[in-house]
2 protein chains.
Amino acid sequence: MDQAGERREPTMRDVAALAKVSTKTVSRVINDLPGAGAEVVERVRAAARTLGYRPNLTASSLRRSDKRSATIGVLFEDLSNPFDSALLRAVEDRARHSGVLVLAGSSEDDQSLQRELLVSLSARRVDGVVVMAAGGHQDALQQERERGTPMVLVDRPPTFGSTDCVTTTNRESSREAVLQLASLGHRDIAFLGDRRTLWTSQERYTGYLEGLAQAGLTLREELVRTDLHGADLAETAATELLDLASPPTALFTAQNLVTVGAMRVLRARDLHHHTALIGFDDFPLADMLEPAVTVVRQDVPGLGRKAAELIFARIGGDTSPPVHAVVPASLVRRGSGEISPART
Amino acid sequence: MDQAGERREPTMRDVAALAKVSTKTVSRVINDLPGAGAEVVERVRAAARTLGYRPNLTASSLRRSDKRSATIGVLFEDLSNPFDSALLRAVEDRARHSGVLVLAGSSEDDQSLQRELLVSLSARRVDGVVVMAAGGHQDALQQERERGTPMVLVDRPPTFGSTDCVTTTNRESSREAVLQLASLGHRDIAFLGDRRTLWTSQERYTGYLEGLAQAGLTLREELVRTDLHGADLAETAATELLDLASPPTALFTAQNLVTVGAMRVLRARDLHHHTALIGFDDFPLADMLEPAVTVVRQDVPGLGRKAAELIFARIGGDTSPPVHAVVPASLVRRGSGEISPART
DNA sequence: TTGAAAGCGCTAACAA
DNA sequence: TTGTTAGCGCTTTCAA
């Protein structure tokens, strides 16, 4: 008895044999190249259909002179994070228009994992990569870039030259947030930030300092808490801040989960209508909380589109000097950032 | 002047030449295969390093007898959706352990787009696919499956046999939610659901009906609203329901965005502490709202892990009969579902 | 332990 | 318009 499942996958040769033409002709038909008679085209198409022929892009890109795989790599920190997945989606949409597929991976902000994934992508000969660089040195990225792989960094800039990047207005928007709080009369504005090794954290902190300076306020070192990786650490920090003899009347939380942690504490102490709060990064339902949360909103689809645009330009052969594109974020006033300090 | 960028990518041949061995020996070293003298291994490694050689998986998988690409495809509805991206992440984690990369795409619940993406994956000879089937017929999926491509459906079952799938307890958990509301004395429980073409919507509606029946309640047709695709439509529907002469005292919202839309309306009418609400699908900050929202929570990482486990088993050669795995969801009581009806 | 020859499925370069 | 030959970078097969 024949086992039906054991049929060999049909190739161009099989199609050619059935259509009584050469493989080259089949190739022309499959790829819609000119120089094939209308009648022959039909015969080849019919043969392909009969056999259930599927083109093999792997074999094709191996032989083709441009060596394109029609695939790009995306290496973000955590694909389940809303920011990362929104970016991925934006890149994917652009890729689809070029018939390009996306190989996606999460590097968990781990250098060696990022290096491994990069090697994996490299072995598959992706046409380019969009990367959220893991903290620390970027040797692996630089090395891959110098091999000639088109590369765009998002969210964080390269520590080496020669590659494009797309970031948001971390510093300027943070400054704006602090100025907003200061304009309401707040003089004791706390800063709660994520890991200091992150470029974005540093930028947001610098913006905070600039805001204070511009508003003529003095920095109170004890109101600055950093390395708050996760909502739990943020809760602890917020608790300590509010326990100070002279607690802050406003909080600037420089990251998503930090904002959530701080909110929990304010709520637990029933201070959420008395202590002002502005967070960096928008989040779902921020408008449904009480009070609704004022945030700095990044233009995530905009970041993704720009990154995609750049990588495809480079893949297309653009050799102009590297670009650092900055996509503006905006302050979304919802209430929590518009609370004035209690009169003294 | 030489253009440094014009160097040809080194191949195994180049490495072989430099190490003064055959390409076969290089192949053995690169793939850590036995049968290579310790001394030769070192010479080859050194040569590879000197030249900056990168193995070409594309060429390798073309020639190799198993034809594996060490790549799987993931085709979900929308990768920027938290449910989808959490699933992707779970699959990716499992894939990484096998040195497999993930080609990811969003089909937007569009059949023809799904078909196109499937063809793209197929052309790249992925070793298997994990798919969230788009609504309507599944001809393309079935066809691909019947070619022999290992396939696991998630969230929604296949309309054809012969393939694995992983879903959640849509019906049972919906029944449980309705029974919870009924046990508090609610007799007028509304159902607000997503598109009726979705299998999950149908299942959740069936669970709703079962819950009513089991509680001895009569179905009031006017309390059932379906095809609410997006928060806006849900808002409209909720408004209409609350405008009824005899409005519902409890809402069962069978999808994420529907829950959000309903909440907005309850809040706008200041009914959020008086009308009970249970939603299907958890969402971030559901516990920070007032009242905190009671939901049916799917075990998303569990779904993803199970799907990954199945696809890798099939890729590994498992030919046992197709499985329909069901991952239990759980009712998370937070407050909004524990509101009793006003006394009459 | 090592290598020579053939060929995976396809396209480039040329010729007819 | 169509076909022939060679070869992409690698692994298989088989021989040394």
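No experiment lies behind these values; they were computed from the predicted model shown. The sequence lines fix the lettering, A, B, ..., with proteins before strands; numbering per chain opens at 1.
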Item to check | Selection from dA12(C), dT11(D), dT11(C) that lies nearest to any side-chain heavy atom of S27(B) | outcome: dT11(D)

Next on the checklist: If you only use heavy atoms from C-beta on, which nucleotide in dT11(D), dA12(C), dC10(C) is closest to the side chain of N56(A)?
Outcome noted: dC10(C)

Checklist entry - When we call it a touch if two heavy atoms are under 4.0 Å apart, what does G35(B) touch: a base, just sugar-phosphate, or nothing? => result base

Checklist entry - Rounded to whole angstroms, how far apart are CG on D66(A) and C1' on dC10(C)? => result 13 Å

Next on the checklist: Expressed as a whole number of angstroms, how long is the span from L33(B):CG to dT12(D):P?
Outcome noted: 8 Å

Next on the checklist: If you only use heavy atoms from C-beta on, which nucleotide in dA12(C), dC8(C), dG3(D) is closest to the side chain of R28(A)?
Outcome noted: dG3(D)

Checklist entry - Can you check the N31(B) CG to dT12(D) C1' distance for me, whole Å? => result 13 Å

Checklist entry - Roughly how many Å is it from CG in L57(B) to C1' in dC8(C), rounded to a whole number? => result 14 Å

Next on the checklist: Whole angstroms only, please: what is the NZ-P distance between K24(B) and dC10(D)?
Outcome noted: 13 Å

Checklist entry - Between dC8(D), dC10(D), dT2(C), which nucleotide has the shortest distance from any of its atoms to the side chain of R63(A)? => result dC8(D)

Next on the checklist: Closest approach to the side chain of A59(B), judged atom by atom: which nucleotide of dT11(D), dA6(D), dG9(D) is it?
Outcome noted: dG9(D)

Checklist entry - Between F312(A) and A95(A), what is the shortest heavy-atom contact and its length? => result CZ-CA, 3.5 Å

Next on the checklist: From the set dT11(C), dT11(D), dT2(C), return the single nucleotide nearest to any side-chain atom of S60(B).
Outcome noted: dT11(D)

Item to check | Closest-nucleotide ordering on DNA chain C, the 5'-leading residue of V26(A) and P34(B) | outcome: P34(B)

Checklist entry - Would you say T25(A) reaches dG3(D)'s phosphate, i.e. side-chain N/O to OP1/OP2 under 4.0 Å? => result yes

Checklist entry - With distance as the sole criterion, is a donor-acceptor pair present between the side chains of S107(B) and D109(B) under 3.5 Å? => result no

Checklist entry - For the side chain of R125(B) and the base of dG9(C), is some donor closer than 3.5 Å to an acceptor across the two? => result no

Checklist entry - Between E116(B) and R96(A), is there a side-chain N and carboxylate O pair less than 4.0 Å apart? => result no

Next on the checklist: Cation-pi check for F160(A) against R145(A): NZ or CZ below 6.0 Å from the six-membered ring centre and within 45 degrees of the axis, yes or no?
Outcome noted: no

Checklist outcome for this item: From the candidates dG3(C), dC10(D), dC8(D), the one with an atom nearest any side-chain atom of M12(B) is dC10(D)

Item to check | Proximity to the side chain of S22(B) - top-ranked nucleotide from dG3(C), dG9(C), dA12(C) | outcome: dG3(C)

Checklist entry - With a non-hydrogen cut-off below 4.0 angstrom, is R13(A) in contact with a base, only sugar-phosphate, or nothing? => result nothing

Item to check | Rounded distance in Å - CD (E9(B)) to C1' (dG7(D)) | outcome: 17 Å

Item to check | Derivation and outcome, side-chain contact (heavy atoms from CB on, under 4.5 Å), residues T71(B) and V102(B) | outcome: CA-CA 6 Å; T71(B) 305; V102(B) 177; over 6 Å; no

Checklist entry - Rounded to whole angstroms, how far apart are CG on L62(B) and P on dT12(D)? => result 12 Å

Checklist entry - Looking at E9(A) and R54(A), does any basic side-chain N land under 4.0 Å from a carboxylate oxygen? => result yes

Item to check | Interatomic distance where CD1 belongs to I30(B) and P belongs to dT11(D) [whole Å] | outcome: 9 Å

Checklist entry - Where the side chain of V40(A) is concerned, which of dG7(C), dA12(C), dT2(D) is the nearest nucleotide? => result dT2(D)

